[in-house]
There are 2 protein chains.
Amino acid sequence: MSKRFDTFGGDEIRMATLAEVARHAGVSASTVSYVLSGKRSISEGTRRRVERSIQELGYHPHAGARALASSRSNIIALMVPLRTDMYVPVMMEIAMAVATTARQHGHDVLLLTGEEGPTAVRRVAASGLADAMILMDVELEDERIPLLRAGDRPAVLVGLPADTAGLTCVDLDFAATGALCADHLADLGHRSVAVVGEAAAVYQRHTGFAERTLQGLRSRAAARGLRLIHRPCEGGYESTAGTLARIFEERPDTTALVVQNESAIVPLLALLRQQGRAVPEDVSVVAVCPDQVATQATPQLTSVAIPAQQMGRHAVELVIAKLGGSPTEEVRLLGPELTVRASSGPAPSA
Amino acid sequence: MSKRFDTFGGDEIRMATLAEVARHAGVSASTVSYVLSGKRSISEGTRRRVERSIQELGYHPHAGARALASSRSNIIALMVPLRTDMYVPVMMEIAMAVATTARQHGHDVLLLTGEEGPTAVRRVAASGLADAMILMDVELEDERIPLLRAGDRPAVLVGLPADTAGLTCVDLDFAATGALCADHLADLGHRSVAVVGEAAAVYQRHTGFAERTLQGLRSRAAARGLRLIHRPCEGGYESTAGTLARIFEERPDTTALVVQNESAIVPLLALLRQQGRAVPEDVSVVAVCPDQVATQATPQLTSVAIPAQQMGRHAVELVIAKLGGSPTEEVRLLGPELTVRASSGPAPSA
DNA sequence: GACATGTGTCGAAGCGCTTCGACAAACACC
DNA sequence: GGTGTTTGTCGAAGCGCTTCGACACATGTC
């Protein structure tokens with residue numbers, strides 16, 4: 001009922017400090033600190049008294065002071081590619097998963113764009129702004145990697161560079177993904193499969209995952225006696241139409257398509273519909289894409305999900321483990337899962 | 001040529017401190033600080049000597065120490081909605097623009113998800129983690145707003161709440177956007193226009209922008225003698241098909257469509273094509289969407305762009321201005337721009 | 001040459017927290 | 001009732017930076 005502390009829902013003008021809490025609770029500053037950190041045992045009574053004071057004063061420890069004294073900022077830097085032309089929803093999902101998981105571990109997330117380039121890695125590490133880093137969209141020969149190796153800050157990569165020695169990485173097992181698609185189609189009796197691939201630029205940029213998927217597809221296709229062709233595709237209506245035409249021209253017996261390029265999926269389905277090729281009666285379609293895309297398509301797509309959330313969560317967990325000094329495996333590949341939906345079925349002539 | 005400092009590209013194991021730089025340059029610590037901040041005049045010679053030392057030692061000021069001493073973290077918190085089901089590319093684009101613009105002003109960006117809720121606002125402000133906040137996806141009655149009003153940290157909202165008193169907001173002028181679309185179609189001689197709206201949930205959530213667009217459309221339509229109907233649409237193939245069918249059933253004379261729901265755009269075009277309605281010969285289509293979506297569609301869409309980058313940039317600039325103590329306007333509405341592309345043309349009977 | 005006025009630099013005092021060693025007090029043991 | 005061990009608390013010393021006042025010296029002014 002005391003009016004004094006009721007400045008609009010408990011917001012004080014001046015921020016309380018540890019010392020004030022200590023005075024209010026009748027203990028020393030260090031005691032308050034230990035209550036907060038739990039690094040020394042505190043008697044039940046004192047703890048409660050301190051906690052009440054914290055509550056009443058609306059105390060929040062000052063992040064800078066804490067970082068200075070403990071040389072731990074409790075911040076994880078997340079570096080996302082500047083390029084916002086591709087996989088945007090996936091990136092976003094990973095980023096959000098990183099942010100929420102980090103919070104669960106008491107950390108905040110600093111958002112870095114690729115724009116600053118490798119410099120950002122140095123700046124953030126050297127200034128003690130972040131305790132650790134998570135890098136997304138890693139390329140096979142990424143410029144940022146030497147800096148990570150040289151620096152002593154824990155880091156986790158989302159994606160697989162060419163040389164993973166000494167690095168910790170998280171990624172979907174794209175080779176297994178490819179294999180899974182091939183198996184599924186082979187099981188259904190298909191003999192001739194076409195891959196509607198990523199844009200040529202993606203292969204040139206050597207982001208790795210596209211090649212790995214293809215490789216998985218190829219080797220399993222060979223093992224199962226599948227004929228496989230692969231055509232890159234820029235995505236969008238026009239380009240997809242061209243790719244599709246070329247595929248059916250070259251291999252009229254094609255009965256199944258594997259699509260990895262998200263922006264080709266909707267056009268592809270529209271085109272097939274328009275050409276009178278029924279899915280899955282005439283052509284089966286298997287996609288590698290986020291579940292959301294697969295379930296929103298018509299018909300719903302049999303797909304291997306891109307586990308964006310999982311990737312984000314794992315990245316944080318690994319980075320937290322490293323911060324805690326735990327030994328961590330180098331590469332964590334997430335096992336792909338294929339969900340059968342309405343777009344794949346037995347090969348027509350079978 | 002000295003080997004001593006060549007530990008792999010200039011990375012020292014121990015991080016240099018201000019004091020070390022000062023010793024190395026033969027000046028006092030405060031002098032180094034003033035060189036860095038430029039807050040006092042420094043002689044040319046000293047400045048150069050200090051700068052060389054900084055270079056040689058690879059010095060980066062410690063963020064925490066700086067924040068503690070100056071009570072400025074040089075961090076802006078960006079709160080994005082947790083919900084990743086809508087506008088994802090737009091959100092991402094805004095977020096990236098915020099991040100890069102902030103860097104240009106010497107600030108970093110802390111990524112907060114909506115998950116933590118209004119608490120995050122208090123936590124970040126009270127701990128001094130961030131100097132200011134930018135909130136995205138603001139709802140008409142947003143829970144976070146009272147906290148912002150109570151707190152003393154500068155904040156900028158992206159989006160318009162019901163009551164903007166005392167707040168600074170950035171948004172596209174959606175009412176003007178609606179009006180612009182109506183004008184464009186009226187100019188082309190259309191008399192009966194249908195709006196393929198956002199999902200019903202969007203209207204219920206009162207995010208504001210959808211209503212404002214509609215309002216702009218309606219009043220200008222009335223002024224220009226256009227008949228207008230509006231039907232919400234969930235997006236996706238099925239739902240769009242239903243909405244479209246209902247529209248043409250109710251108003252067979254409809255010659256133009258306005259679409260705001262991004263996820264309805266591609267299905268809509270596919271459906272029209274399939275139904276044999278040529279765009280723009282039989283039906284004109286105007287969209288409110290990012291330029292990228294408009295240009296990737298077939299045919300390319302006449303559209304009002306959602307200026308995501310601009311919104312992000314303006315938000316940062318306003319927040320920086322407020323941090324600098326400059327008075328700032330309350331609401332900055334960005335003027336919409338309509339780009340005529342291939343999807344709109346003269347009304348058929350005209 | 002006495003005076004005011006700038007300029008450039010330094011020293012010291014914090015900013016708010018963590019953490020280490022010290023030390024009473026309470027308990028255990030024979 | 002001495003010894004040894006916990007247990008709970010405190011004081012003090014920083015962490016690396018900013019910033020204020022002081023001060024020495026160079027300049028300008030009548």
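Everything numeric in this text was worked out from a predicted model, so none of it was measured. Sequence lines set the chain letters: A, B, ... in the order given, protein chains first and strands last, and positions in each chain run from 1. The figures that follow rest on heavy atoms only: side chains count, while hydrogens, waters and symmetry mates do not.
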Within the pair T17(A) and dG16(C), is there a side-chain N or O less than 4.0 Å away from OP1 or OP2?
no
May I have the distance from E20(A) (atom CD) to dG16(C) (atom P), rounded to whole angstrom?
8 Å
Minimal non-hydrogen separation, G26(B) against R49(B), with atom names
O-NH1, 4.3 Å
Treating primed atoms plus P, OP1 and OP2 as sugar-phosphate and everything else as base, which nucleotides of nucleotides 22-27 of chain C get B, S or - for protein heavy atoms under 4.0 Å?
B-----
Does Q104(A) CD have over 12 foreign heavy atoms under 6.0 Å away?
yes
Nucleotide nearest A69(B) (side chain, heavy atoms from C-beta), chosen from dC15(C), dG11(D), dG16(C):
dC15(C)
Testing the 3.5 Å rule here: is there a donor-acceptor pair between the side chains of S30(B) and S33(B)?
no
Could you pick out which residue, R49(A) or L18(B), lies toward the 5' side of DNA chain D when each is mapped onto its nearest nucleotide?
R49(A)
Value in whole Å for how far the P atom of dT7(D) lies from CD1 of I42(A):
13 Å
First of S30(B) and S70(B) reached from the 5' end of DNA chain C, by closest nucleotide:
S30(B)
NE2 of H62(B) versus C1' of dG14(D): gap in Å, rounded?
13 Å
With respect to the phosphate group of dC10(C), does any side-chain polar atom (N or O) of T31(B) fall under 4.0 Å of OP1 or OP2?
yes
Report the distance from atom CG of L68(B) to atom C1' of dG14(C), rounded to the nearest whole Å.
9 Å
Any carboxylate oxygen within less than 4.0 angstrom of a Lys/Arg side-chain nitrogen, looking at E116(B) and R123(B)?
yes
Does any donor-acceptor pair link the side chain of Y34(A) with the base of dC20(C) at a separation under 3.5 Å?
yes
Hey, is the side chain of S43(A) poking within less than 4.0 Å of OP1 or OP2 on dT7(D), counting only N and O atoms?
no
Any salt bridge between R149(B) and D163(B), counting N to O under 4.0 Å?
yes
Does a side-chain N or O of Y59(A) approach OP1 or OP2 of dC17(C) to a distance below 4.0 Å, or not?
yes
In this structure, which one of L111(A), V109(A), I75(A) forms a side-chain contact (heavy atoms from CB on, under 4.5 Å) with L110(B)?
I75(A)
May I have the distance from L57(A) (atom CG) to dG16(C) (atom P), rounded to whole angstrom?
14 Å
Between P on dC15(C) and CG on L129(B), what's the gap in Å once rounded to a whole number?
20 Å
dT18(C) OP1/OP2 closer than 4.0 Å to side-chain N/O of S33(A)
yes
Would you name the heavy atoms of V121(B) and M133(B) that are closest together and state the gap between them?
CG1-SD, 3.8 Å
Could you tell me how far apart R66(A) (CZ) and dC15(C) (P) are, to the nearest whole angstrom?
19 Å
Distance in angstrom units between K39(A) NZ and dT9(D) P, rounded
18 Å
Give the minimum heavy-atom separation between I320(B) and H107(B), together with the two atoms involved.
CD1-CD2, 3.5 Å
Axis-to-axis angle across the helix from dG1(C)-dC30(D) to dC29(C)-dG2(D), five pairs an end, to 10 degrees?
30°
Base, sugar-phosphate, or nothing for S37(A), non-hydrogen atoms under 4.0 angstrom?
nothing
Exercise: identify the closest heavy-atom pair between Y59(B) and L18(B)
CE1-N, 3.4 Å
Closest heavy-atom contact between S73(A) and L129(A)?
OG-O, 2.8 Å
